[in-house]
S.K.: 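One structure follows; several queries about it will come next.
What you see below is based on every heavy atom in this structure, not just the backbone, and it leaves out hydrogens, waters and symmetry mates. On a predicted model such as this, the values are computed, not experimentally measured, just so you know.
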Amino acid sequence: MSTPLTWFWSHGFRFLGVLDFSALYALMIAISFVRFGFSLDWDADNYPLSHYVIGFSIASAIHVTVNYFTGLYEREPRLGRRPWLPRAILATAIGVSVQGLAFVVLGRYLMPRLNLAAFLALASFVLVFNRGVSRRLATRRQGPPRVVLAGDETATELAERHLAVSDRDAVVAARVAAPHRLADTVVAHGATDVLLLDVTAFGSVYPEPLNSLEAAGVGFLQRVSARETLLGLKSVREISGMPFVPLRSHTVPTHKVKLKRIFDLVVTALFAPLWLPLVLGVAIYVRIAARGPVLFRQLRVGRDGRVFDCFKFRTMVVDAEEDGRPQLATLDDRRIVPALRWMRSMRVDELPQLWNVIRGEMSLVGPRPERPELVEDIKKRVPGYVRRNELPPGLTGLAQVQGRYDTDAEFKLGYDIQYLVNWSIVFDVQILLRTIWVVLSRRV
């Protein structure tokens, strides 16, 4: 069974989702039995019983979908306990709101109206209970966590004492002082988790061996001191009384990447009546004002380092790079066609990139897409620059609205990482609204 289960897992399937669906469906039935008795006469809203049988299924599917997009099915380290209740309450509230929207669309409730209030109060506790059951079953099937402690002798001894007192299920498989021996130690002892006890150790394990061991299912947690905690870390978790943050090769979870893609497509489709005529009008203007080609394409680096053709309206003379070497444009670049200069200051030349957004090569909001040659140069002088490629590049972004065209790449990286860590739909909306002001003010 291990091979099929691995395939299902790698493609986003979670058996916990099946458990949630079944438990939420059972909760809806239980609430109805408590309210109406066991007569199966649930005509509170003048609907037949068959309506609720189907409605409960639709409602359960809605809640499981919302659970996915709120991160309730993301893989978690086996050590420490995550406070699931706040996120479960949020997911339940959103799911109930979607049920209300379903009433507006379908004209009928998926469950009796008063039942919905009871469901709102109880469903989040069912979700938390399911995660406790799932954790116990995983521990029973896989055995206790086998931990490698990475740090100096004093730190590892202290951590082992804490684990022995507060997390007795965990087994300390080995200690390692030198980070370069970490991968071999993990493999040799069959470890499932690594606790990095040195607060400066991250640079020694990223990108390797973190990427390789994470792909093999090994969890990484970094201990943080009071100084790091004061920076406002959101994902600090307690392990035997010690504060840790999970380390992952990707900052943005899969469910957020998919939700961002849905947001891009919905917004692009909703505003198509506005941008389609605008693109057509600008294309005609470029053709008349500059003659020659209207569009030009250029290789840019996208998500995970993949290269794609980025489309823009041409604003420079034809063959602006005659020698074939990339040349950074300047504010007073002589290659810019005078009649098209305003298009660059108002970012109008980037409108054709909406086609890249539709194709999934770009996003509405994200890091600025850069040319491969420039990326290779920046990577050499700015450590961690590749982390910005975890999301597709954007038409606009935090670095674009907060910084300037000539802001140093290292400072822009700070904006990009901040965007990755704090991504949400609300954050994207804020950046899009701020972009309108940046465009109208022609701030570059």
S.K.: In a table with atom names and distances, give each donor-acceptor pair under 3.5 Å that connects a side chain of residues 139-151 to protein atoms at least two apart or in another chain.
M.R.:
| residue | atom | partner | partner atom | Å |
| --- | --- | --- | --- | --- |
| T139 | OG1 | R135 | O | 3.0 |
| R146 | NE | H189 | O | 3.0 |
| R146 | NH2 | H189 | O | 3.1 |

S.K.: Check side chain to side chain donor-acceptor pair (under 3.5 Å) between N115 and all other residues, then give those that pass, not counting sequence neighbours.
M.R.: S32, R35

S.K.: With R181, which residues qualify under salt bridge (Lys or Arg N to Asp or Glu O under 4.0 Å), at least two apart?
M.R.: none

S.K.: With sequence neighbours excluded, what pairs up with E376 under the salt bridge (Lys or Arg N to Asp or Glu O under 4.0 Å) test?
M.R.: K379

S.K.: Using the salt bridge (charged side-chain N to carboxylate O under 4.0 Å, His left out) rule, collect all pairs that involve residues 194-206, keeping only residues at least two apart or in two chains.
M.R.: none

S.K.: Does R131 have any side chain to side chain donor-acceptor pair (under 3.5 Å) partners at least two apart in sequence or in another chain, and if so, which?
M.R.: D20

S.K.: Not counting sequence neighbours, which residues clear salt bridge (Lys or Arg N to Asp or Glu O under 4.0 Å) with D264? List them please.
M.R.: none

S.K.: Going by ring pair (Phe, Tyr, Trp, His ring centres under 6.0 Å), name the pairs with one or both residues in residues 113-142, residues two or more places apart or in two chains.
M.R.: H63-F119

S.K.: Which residues pass the side-chain contact (heavy atoms from CB on, under 4.5 Å) test with A155, not counting sequence neighbours?
M.R.: D152, L197

S.K.: What pairs with R261 under salt bridge (Lys or Arg N to Asp or Glu O under 4.0 Å), at least two apart in sequence or on another chain?
M.R.: none

S.K.: Using side chain to side chain donor-acceptor pair (under 3.5 Å) as the criterion, list what pairs up with T435, not counting sequence neighbours.
M.R.: T396

S.K.: Would R303 and E361 pass as an ion pair if we require N to O under 4.0 Å?
M.R.: no

S.K.: Which residues pass the side chain to side chain donor-acceptor pair (under 3.5 Å) test with T156, sequence neighbours left out?
M.R.: none

S.K.: Determine yes or no for a side-chain-to-main-chain donor-acceptor pair under 3.5 angstrom, with R300 supplying the side chain and P369 the backbone.
M.R.: yes

